[in-house]
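Please read the structure below before turning to the comments.
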Amino acid sequence: MRDLWLDLSATTQDAILLVALLLPGAILAALLLRGFAPGPLVRALLWRFRWANAVFALLIAISVGSGLALIAQERGLRQGTAQAADKFDMVVSAPGSELTMMLAAVFLQATDAPLLDGETYQEIATHPRVKIAAPLAFGDSYERAPVVGTIADFVTYLSDGEIEGRMWTSTFEAVAGANAPAGIGDSFVPAHGHGDSAEEGAHGDAFTVVGRLPPTGSPWDNAILIPVEAVWAVHGLADGHAPDAESRLGPPFDARYFPGTPAVVVRAESLGATYALRSEFTRDAETMAFFPGAVLSDLYRIMGDVRQAMSALTLVTQALVAISVLLGLFILSRLFRRQLALLRALGAPPRFIMAVIWSYAAALLAAGTALGIGLGYLTAAVLSRVVTARTDILVQASLGWTEMHLAAGFLSAMLVLSLVPAWSVLRAPVLSGLRS
Amino acid sequence: MDNGLSLSVRDLTVAGDRGRSILSLDRLVLEPGVALGVQGPSGAGKSTLIFALAGLAASATGSVRWGETDLLSLSARRTAAFRARNIGLIFQDFLLFDELGAEDNASVQSLFAPRGRRPGLREQAGAMLDRLKVPKASRTVASYSGGERQRVSVARALAHEPAIVLADEPTASLHRAAADALTDDLLADVRARGRTLIVASHDERLLSRMDRRLHLADGTVREAA
Ligand SMILES: Nc1ncnc2c1ncn2[C@@H]1O[C@H](COP(=O)(O)OP(=O)(O)OP(=O)(O)O)[C@@H](O)[C@H]1O
Ligand SMILES: [Mg+2]
């Protein structure tokens with residue numbers, strides 16, 4: 001049995017689970033409605049109190065929708081950040097906070113980090129199992145976009161070799177990210193620093209954009225990349241090469257003329273090599289090597305508690321909504337107690353009365369839940385756009401099976417609970433209903 | 001032709017909310033097919049009697065025997081089934097579903113009747129509306145006149161061919177001409193089919209056409225003419 005289940009595809013499992021969650025509601029409907037045709041009366045009740053009913057369904061929709069959107073958003077955010085860190089196998093930096101260094105190197109969040117010196121960089125770059133060792137130079141910006149110095153190989157790697165235009169070939173050329181505020185052919189002068197404190201035009205030299213990266217779904221889309229030598233040069237530092245090789249761009253660098261880098265992004269020749277390199281470059285007081293993916297996982301694990309708290313809150317909200325829904329049903333069923341008393345006077349069996357109230361409740365709940373799924377879908381899409389626009393981390397939150405299961409579970413539970421108000425109308429005396 | 005059911009009431013009492021007796025009736029016997037008028041001042045207990053005879057008064061004690069069935073000894077579900085099969089109820093204020101049309105209202109019992117009986121019920125409801133000259137428009141009954149609405153409710157009471165018709169002031173909401181026309185139509189059907197009819201009413205024109213009369217005052221029988 002268990003093997004059979006495990007043999008099924010994930011989609012099949014999810015679909016079966018969805019059906020199983022909806023089953024209690026369906027069974028209840030079959031038992032309650034068997035042999036009856038309450039449709040016209042239910043439609044009459046729905047129409048008679050259409051405004052109250054619409055508000056009711058909308059309230060259900062909003063609560064279901066916001067719950068679903070929140071859960072989907074959280075998952076989308078995790079996937080987006082993981083995807084953004086995908087190209088960053090390993091980062092080596094001076095010892096400190098892995099999280100801070102990851103935010104700086106992968107998500108381009110400005111930070112003042114101590115620098116690695118030329119010897120250390122040289123050691124990493126010339127290691128036989130290292131394919132790319134990219135120094136990063138931060139600190140400048142142009143129109144709020146970070147200007148990052150690095151090497152051509154890394155840019156090629158980031159773009160999967162699909163640069164529009166061309167790679168830089170001289171010091172004052174640049175390659176812009178897909179959403180950067182400068183396009184091919186534009187010239188710009190980087191400002192020192194970031195944001196409002198940036199000093200406009202502090203560096204007099206203008207760069208020309210010669211290439212553009214394809215979208216990567218990471219903050220690098222908003223960045224402008226320039227040769228690391230150029231960053232050093234405009235800050236009046238040595239440019240990494242001996243005076244007799246001044247026009248050179250990219251590695252090898254000369255350790256004696258290497259001004260230092262806060263972080264080196266390392267791509268190893270294999271996964272195994274990555275692990276070996278991490279232990280090799282994890283040295284107390286000297287260097288720290290870490291996998292951004294692992295740091296993110298740690299982060300998600302810590303956030304897991306938050307997520308659970310959030311899920312619990314969502315559940316509490318849903319429970320509150322459920323209670324309000326039940327109360328609302330009690331009140332609404334009071335509104336048609338005269339009609340129900342009439343039906344009983346005409347000889348309708350108790351189960352038929354329950355079937356009418358329950359179908360009415362089911363119609364509101366099903367409409368509310370369906371509307372809620374639509375609303376959740378929209379909310380998740382809008383939130384994703386906003387987050388993507390603000391962070392450049394491509395977040396694609398969409399409702400998946402988890403959300404469908406939650407919605408189905410909510411609906412089924414509510415359908416079962418609706419039996420309570422449906423049953424309670426049977427306890428009201430017929431006569432007072434008729435006389436009211 | 002359907003046959004009415006005989007009625008035999010013994011020691012019927014109905015208590016109000018605070019236990020006060022609002023109706024007590026030691027003995028009432030009716031032959032099948034008899035038309036009985038119940039009269040009395042307001043608050044005398046006429047409505048209470050009608051509902052008790054339909055098995056709708058929860059606090060009723062004693063026995064209400066229709067044919068062989070003692071309605072007060074049945075469970076709620078079986079009392080309902082008895083009503084669905086044998087009793088047609090007509091109310092002073094019609095009690096229709098305003099959102100439904102005339103035919104849907106007249107055949108509302110088909111919604112919970114056994115599947116096999118549904119088409120027949122709908123057919124009979126339609127025929128009854130024709131006989132009572134109710135316009136079978138597609139609009140809802142909310143826009144019908146008082147006389148038309150009461151005819152729809154009479155059609156609903158008769159559509160399932162009940163042996164017993166219980167009416168609580170069926171003409172009280174109608175003006176004179178409409179009341180007389182309704183009385184004619186109701187009696188024509190009841191007489192033709194031999195149904196047992198019990199009508200609570202203040203309407204002397206209606207009461208004068210009944211076979212027997214029962215006079216209620218303060219919840220007890222004062223005089224049976
Ligand atoms: N649930 C109840 N509890 C207490 N008293 C009640 C209850 N229902 C009815 N009564 C009282 O019982 C009496 C009989 O009521 P009923 O409606 O049968 O009178 P009626 O003869 O039909 O009057 P009308 O001609 O005004 O319709 C009234 O005084 C009424 O107030
Ligand atoms: Mg009355």
- Got more than 12 heavy atoms from elsewhere within 6.0 Å of CG, D218(B)? no
- Could you walk me through whether T48(B) and L431(A) pass the side-chain contact (heavy atoms from CB on, under 4.5 Å) test, one step at a time? CA-CA 9 Å; T48(B) 306; L431(A) 265 195; 5.6 Å; no
- For atom CZ of F82(B), is the number of surrounding heavy atoms from other residues, nucleotides or ligands below 6.0 Å larger than 12? yes
- Contact part of L100(B) toward chain A, heavy-atom cut-off under 4.5 Å: side chain, backbone, both or neither? side chain
- Query: Is the number of heavy atoms from other residues, nucleotides or ligands under 6.0 Å of R118(B) CZ greater than 12?
  - Reply: yes
- Per-residue contact mode, R78(B) against chain A (heavy atom under 4.5 angstrom): neither
- Return yes when atom CH2 of W47(A) has more than 12 non-hydrogen atoms of other residues, nucleotides or ligands closer than 6.0 Å, and no otherwise. no
- Nearest non-hydrogen partners of A345(A) and F91(B), listed with the distance: CB-CZ, 4.3 Å
- Query: When you look at CD of E123(B), are more than 12 heavy atoms from neighbouring residues, nucleotides or ligands closer to it than 6.0 Å?
  - Reply: no
- Below 4.5 Å, heavy atoms only, C-beta onward: do F112(B) and L41(A) meet side chain to side chain? no
- Identify the heavy atoms of L434(A) and F51(B) that sit nearest to each other, and give their distance. CD1-CE2, 3.7 Å
- Item | Segment of A57(B) engaging chain A (4.5 angstrom heavy-atom cut-off) | both
- Can you tell me if CH2 on W5(A) sees more than 12 non-hydrogen neighbours from other groups inside 6.0 Å? yes
- Query: Does the side chain of F36(A) reach to within under 4.5 Å of the side chain of L111(B), using non-hydrogen atoms?
  - Reply: no
- What part of A113(B) gets closer than 4.5 Å to chain A, counting heavy atoms only: side chain, backbone, both or neither? backbone
- Please answer whether the main-chain N or O of R351(A) pairs with a side-chain N or O of R77(B) as donor and acceptor at a distance below 3.5 Å. no
- What part of P40(A) is in contact with chain B, defined as an atom under 4.5 angstrom from a non-hydrogen atom: side chain, backbone, both or neither? both
- Around atom CZ of R435(A), are there more than 12 heavy atoms of other residues, nucleotides or ligands at under 6.0 Å? yes
- Task: Using atom types as modelled and distance alone, determine if a side-chain donor or acceptor of R48(A) lies under 3.5 Å from a backbone N or O of E99(B).
- Result: no
- Side chain, backbone, both or neither: which part of D93(B) has a heavy atom under 4.5 Å from chain A? side chain
- Item | Minimum-distance pair of heavy atoms, taken over all atoms of Q109(B) and L346(A) | NE2-O, 2.6 Å
- R43(A) and D104(B): salt bridge (charged side-chain N to carboxylate O under 4.0 Å, His left out), yes or no, with the steps? CA-CA 12 Å; R43(A) 276 195 293 280; D104(B) 283 340; over 6 Å; no
- Please indicate whether R139(B) has more than 12 foreign heavy atoms, meaning atoms of other residues, nucleotides or ligands, lying under 6.0 Å from its CZ. yes
- Note on the structure: Taking every heavy atom of G347(A) against every heavy atom of A84(B), the minimum-distance pair comes out as O-CB, 3.6 Å
- Smallest heavy-atom separation, P349(A) atom then A80(B) atom, equals CA-CB, 4.5 Å
- Counting only heavy atoms closer than 4.5 Å, note whether R85(B) contacts chain A via side chain, backbone, both or neither. neither
